[in-house]
Amino acid sequence: MNVSEWRGEFPILQNKNYLNSCSLGALSHRSVAWVRLFQEEWHAWGASAWYETWMARLESLRAAAARLVNGDADEIALTASVSAALASIASCIDYGPRRRVVISELDFPTLGYQWMVRPDVEVVRVPSDDGATIDAARFAEAVDERTAVVATSHVFFKTGAIQDLAPLSKIAHDAGALFVVDAYQSAGQVPIDVHAAGADVLITGPLKWLLGGPGIAYLWVRRDRIEPLRPTTTGWFGALDQFAFDITNFEFKNDAKRFEMGTPALPSVHAALGGHEIIEEAGIEAIRERDSALTERLIEQAAAAGFRIRCAPDAGHRSAIVMLAHDDPGTVVARLAENDIIVDWRPGYVRVSPHFYNTESEVDDVVAVMTASPVA
Ligand SMILES: Cc1ncc(COP(=O)(O)O)c(C=O)c1O
């Protein structure tokens, strides 16, 4: 991979040591050009641009999302956020026969919230024994014939640990439950294959490692699961004959677009296309290799400097989210920002997330500054 060439795509890298891609991937010239094109088409055509190009762009984005997860474009719905996609799926299920939804205690809270707000659902949180990963055996203990859904992360936002999805899929399916994956923190840094994972539903979006910014998310639903899933939150984009404008009849679209609601965020759609182009050109396998090398370097240096690190025990299950334990992470993050090093923090931890466009010396610098100027 030609890292210095890729670095030229991202203006922020000229001014900052940007190590926060798990919050927001860097903005590229490519995405800016796509958004500019969208604006120019808006100037040129007004609403006709929908028919000239914008509808086709939605298709292009669905196709890019499908390639990313090894699915098909008609299995992809564009949604407003990961939360919106989860809410749509949660709304499809009759919890009468099975009232339990099994998640893990390391998942992003929005995953739990979807079901915690439903009085007809009991949420079961699978515990982590080591604080970084969840043993599949713990899921097996929690899932039974009362379970409607098993929902968990591909990569945990809190620890960067990568979960092996296939065994979890088997646990869910053996009990007759739906298997839902939150892949927001893996897409763009770790390869995803929905079929190898045994997922029924996989949700992700371009905001983070895919370098596409906020405003849109992707909901993949396995083809044979689409028909039986009938959301009770919907909109005209989900209607079979959307442009009939018939308020007396509603029928769902036959493909995953049935999960779509209303007019999508077009600037976001265009920014996301730029991100996908870059990820495809750089290649997800090469990105994983480089992100992994930067991660291991960071972990090694931080450990040598005496920091405690919360991560999976083996490199194969570690992603590029590195949590360095600290008593006062907010102050450290502010100190690093004064040195033009952009990282983030969560309670008790400084969170560092390098991506393929970072250099080895940028990774070294974060540990060097943290070591040279300890926070009292
Ligand atoms: C793993 C994971 N899931 C979900 C979310 C929230 O997604 P959204 O804001 O699109 O609902 C985040 C946000 O950072 C996340 O890291």
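When a ligand or atom number is given, it counts from 1 through the structure's own listing order.
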Next on the checklist: Any nitrogen or oxygen of T110, side chain or backbone, less than 3.5 Å from one on ligand 1?
Outcome noted: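 No, no N or O pair falls under 3.5 Å.
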Next on the checklist: So for ligand 1, is V82 a polar contact partner (N or O within less than 3.5 Å, distance only)?
Outcome noted: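 For ligand 1, there is an N or O atom that lies under 3.5 Å from one belonging to V82.
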Please write down residue, atom name and distance for the protein heavy atom closest to [atom].
atom                    : value
atom 11 (O) of ligand 1 : S83 OG, 2.5 Å
atom 7 (O) of ligand 1  : Y184 CE2, 3.3 Å
atom 3 (N) of ligand 1  : D182 OD2, 2.6 Å

Next on the checklist: Using the ring centroid of each side chain, check whether W34 and F38 are separated by less than 6.0 Å.
Outcome noted: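 Not close enough - the centres of the two rings lie 6.0 Å or further apart.
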Checklist entry - Just checking, is any N or O donor in the side chain of K208 or Q189 under 3.5 Å from an acceptor N or O on the other one? => result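 Looking only at side-chain atoms, Q189 and K208 do not form any donor-acceptor pair under 3.5 Å.
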Checklist entry - How about S104 and D107: does a side-chain donor come under 3.5 Å of a side-chain acceptor? => result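 Yes.
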Checklist entry - In the hydrophobic clustering that connects Ile, Leu, Val, Met, Phe, Trp and Tyr at side-chain heavy-atom distances below 4.5 Å, which members other than F252 occupy its cluster, ordered by chain and number? => result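 Grouped by the 4.5 Å side-chain rule, F250 form the rest of the cluster around F252.
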Checklist entry - In the hydrophobic clustering that connects Ile, Leu, Val, Met, Phe, Trp and Tyr at side-chain heavy-atom distances below 4.5 Å, which members other than V32 occupy its cluster, ordered by chain and number? => result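 Via sub-4.5 Å side-chain contacts, V32 links to L27.
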Item to check | Other residues, nucleotides, ligands: >12 heavy atoms within 6.0 Å of K170 NZ | outcome: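 No, NZ of K170 has 12 or fewer neighbouring heavy atoms, counting only those of other groups under 6.0 Å.
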Next on the checklist: Under 4.0 Å from a heavy atom of Q185: which atoms of ligand 1 are those, numbered in the order shown and with their elements?
Outcome noted: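 Selected atoms, number and element: 1 (C), 16 (O).
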Checklist entry - In terms of atom number and element, which parts of ligand 1 are under 4.0 angstrom from non-hydrogen atoms of K208? => result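 Listed by number with element: 13 (C), 14 (O), 16 (O).
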Item to check | Selection from F108, F157, Y113 by shortest heavy-atom distance to atom 6 (C) of ligand 1 | outcome: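 Minimum heavy-atom distance to atom 6 (C) of ligand 1 goes to F108.
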